[in-house]
A.B. asks: 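Input: one structure, supplied below.
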Amino acid sequence: MDERGLLEYTIIPNYKEKNPFLTNNELKLYKTLKKVAYELKLTVFTQVALNRIIEVNNERKNQQLFNRICSKSIDFILYDEEKNKVKYCIELNDKTHNSIDRKERDLFLEKIFKLNDIKLIYIKTELYYNIEKIKALIKEAS
């Protein structure tokens with residue numbers, strides 16, 4: 001078997017497209033956040049890897065600390081293109097946020113973001129997302 005055949009043999013059965021990319025709740029919130037972001041002159045991104053927002057600041061424990069953030073992602077970020085800065089991180093709180101592991105993860109994120117002056121906003125899962133309510137949450141976080 002040539003190199004390409006071996007690659008196809010080892011990869012094809014092990015990976016497939018994640019479908020849908022966003023859950024229904026995430027998609028509803030994303031559509032609302034796009035409108036809010038437009039009004040605030042920000043850009044919305046979804047499913048952003050935490051290590052694209054936060055980096056390790058300790059060379060002695062670099063790998064250990066990196067491992068704590070490399071597999072985590074943030075549901076949404078609102079990004080200021082002019083300042084090239086993440087303004088707000090948004091987590092959609094559904095029932096999974098009630099588990100002990102998830103609560104520990106959320107506390108970890110809160111501490112990291114607070115130390116770095118990045119605003120973290122939690123939005124509860126709802127049937128309908130009110131633009132004014134979300135803007136009020138953002139204003140409150142500012």
Side-chain angles (χ1 to χ4, degrees), residues 3-142:
E3 189 174 311
R4 183 169 181 217
L6 181 60
L7 186 63
E8 287 179 8
Y9 174 77
T10 58
I11 290 178
I12 290 174
N14 296 311
Y15 299 95
K16 68 176 188 167
E17 177 185 7
K18 183 181 179 209
N19 203 359
F21 175 67
L22 298 174
T23 66
N24 288 335
N25 287 324
E26 290 169 335
L27 184 58
K28 282 191 289 186
L29 181 55
Y30 173 72
K31 289 177 180 181
T32 305
L33 285 174
K34 280 190 351 182
K35 295 173 186 173
V36 170
Y38 178 79
E39 286 184 30
L40 298 175
K41 296 185 171 112
L42 299 171
T43 304
V44 61
F45 291 100
T46 183
Q47 303 297 328
V48 178
L50 183 58
N51 66 325
R52 298 293 299 169
I53 303 166
I54 298 293
E55 63 185 354
V56 175
N57 192 27
N58 181 333
E59 288 187 29
R60 282 188 20 233
K61 294 184 177 183
N62 189 325
Q63 193 61 51
Q64 177 187 0
L65 295 170
F66 179 77
N67 289 343
R68 287 197 73 191
I69 64 172
C70 72
S71 62
K72 293 174 175 55
S73 65
I74 301 300
D75 292 330
F76 303 96
I77 66 167
L78 295 179
Y79 170 76
D80 185 331
E81 289 181 27
E82 272 186 35
K83 295 180 180 172
N84 191 19
K85 180 168 175 42
V86 172
K87 291 283 285 186
Y88 306 97
C89 291
I90 299 171
E91 282 289 291
L92 179 59
N93 269 9
D94 58 14
K95 60 186 172 192
T96 64
H97 283 259
N98 294 329
S99 73
I100 292 172
D101 288 349
R102 195 60 184 219
K103 286 180 181 183
E104 288 174 359
R105 175 199 176 273
D106 288 348
L107 185 59
F108 174 71
L109 291 179
E110 288 170 21
K111 288 178 181 180
I112 288 178
F113 287 160
K114 187 172 186 172
L115 286 170
N116 288 283
D117 197 31
I118 299 172
K119 310 302 182 209
L120 178 60
I121 300 168
Y122 293 100
I123 297 177
K124 291 183 181 174
T125 301
E126 297 185 24
L127 292 175
Y128 168 79
Y129 296 100
N130 180 293
I131 291 174
E132 295 306 317
K133 186 175 177 183
I134 291 173
K135 286 185 344 191
L137 288 170
I138 290 169
K139 185 176 181 180
E140 182 180 310
S142 295

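In this chain, residues are counted from 1 in sequence order.
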A.B. asks: Please identify each residue that fulfils side-chain hydrogen bond (donor to acceptor under 3.5 Å, both in side chains) with E104, with sequence neighbours left out.
C.D. replies: none
A.B. asks: What donor-acceptor contacts under 3.5 angstrom involve side-chain atoms of residues 42-57, with partners at least two apart or in another chain?
C.D. replies:
residue, atom, partner, partner atom, Å
T43, OG1, E81, OE2, 2.5
T46, OG1, D75, O, 3.0
Q47, NE2, E26, OE2, 3.2

A.B. asks: Taking I90 as the fixed residue, which of L120, I134, I121, I77 is the one that meets the side chain to side chain contact (heavy atoms under 4.5 Å, CB included) rule?
C.D. replies: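 Checked L120, I134, I121, I77 against I90; only one passes side chain to side chain contact (heavy atoms under 4.5 Å, CB included): I121.
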A.B. asks: Would you say that K103 contacts L107 through its side chain, given a criterion of any heavy-atom pair below 4.5 Å between the two side chains?
C.D. replies: no
A.B. asks: Using side-chain hydrogen bond (donor to acceptor under 3.5 Å, both in side chains) as the criterion, list what pairs up with D101, not counting sequence neighbours.
C.D. replies: none
A.B. asks: Please report the interatomic distance NZ(K85) to CG(D117), rounded to the nearest 0.5 Å.
C.D. replies: 6.5 Å
A.B. asks: For the CD atom of Q63 and the CG atom of L65, what is their distance to the nearest 0.5 Å?
C.D. replies: 9.5 Å
A.B. asks: Quick one: pull up CG in L92 and CG in L29 and give me the separation to the nearest 0.5 Å.
C.D. replies: 5.5 Å
A.B. asks: Identify, with sequence neighbours excluded, every residue that meets salt bridge (Lys or Arg N to Asp or Glu O under 4.0 Å) alongside K87.
C.D. replies: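 None.
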A.B. asks: Could you go through I123 and N93, starting from their C-alpha distance and side-chain angles, then the distance that decides it, and tell me whether this counts as side-chain contact (heavy atoms from CB on, under 4.5 Å)?
C.D. replies: CA-CA 6 Å; I123 297 177; N93 269 9; over 6 Å; no
A.B. asks: Please name all residues satisfying side-chain hydrogen bond (donor to acceptor under 3.5 Å, both in side chains) with S142, sequence neighbours left out, ordered by chain then number.
C.D. replies: Y88
A.B. asks: Should we count OH of Y38 as having more than 12 external heavy atoms under 6.0 Å?
C.D. replies: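 Check fails, neighbour count at 12 or below.
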A.B. asks: Hey, are the side chains of F113 and C89 touching, using non-hydrogen atoms and a 4.5 Å cut-off?
C.D. replies: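 A side-chain contact under 4.5 Å exists here.
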A.B. asks: Any Lys/Arg nitrogen of E126 or K133 sitting under 4.0 Å from an Asp/Glu carboxylate oxygen of the other?
C.D. replies: yes
A.B. asks: Test side-chain contact (heavy atoms from CB on, under 4.5 Å) on Y128 and T32; report intermediate values, then the result.
C.D. replies: CA-CA 9 Å; Y128 168 79; T32 305; over 6 Å; no
A.B. asks: Among residues at least two apart in sequence or on other chains, which ones pass side chain to side chain contact (heavy atoms under 4.5 Å, CB included) with N24?
C.D. replies: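 By the side chain to side chain contact (heavy atoms under 4.5 Å, CB included) rule, N24 matches no residue at all.
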A.B. asks: Other residues, nucleotides and ligands only: do more than 12 of their heavy atoms fall within 6.0 Å of NZ on K31?
C.D. replies: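 Result for NZ/K31: open.
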A.B. asks: Within the structure provided, determine whether F108 and K72 are in side-chain contact (heavy-atom separation under 4.5 Å).
C.D. replies: yes
A.B. asks: Please determine whether a side-chain nitrogen of the Lys or Arg among R105 and E91 lies less than 4.0 Å from a carboxylate oxygen of the Asp or Glu.
C.D. replies: yes
A.B. asks: Using side-chain heavy atoms (C-beta onward) and a distance below 4.5 Å, is I131 in contact with E39?
C.D. replies: yes
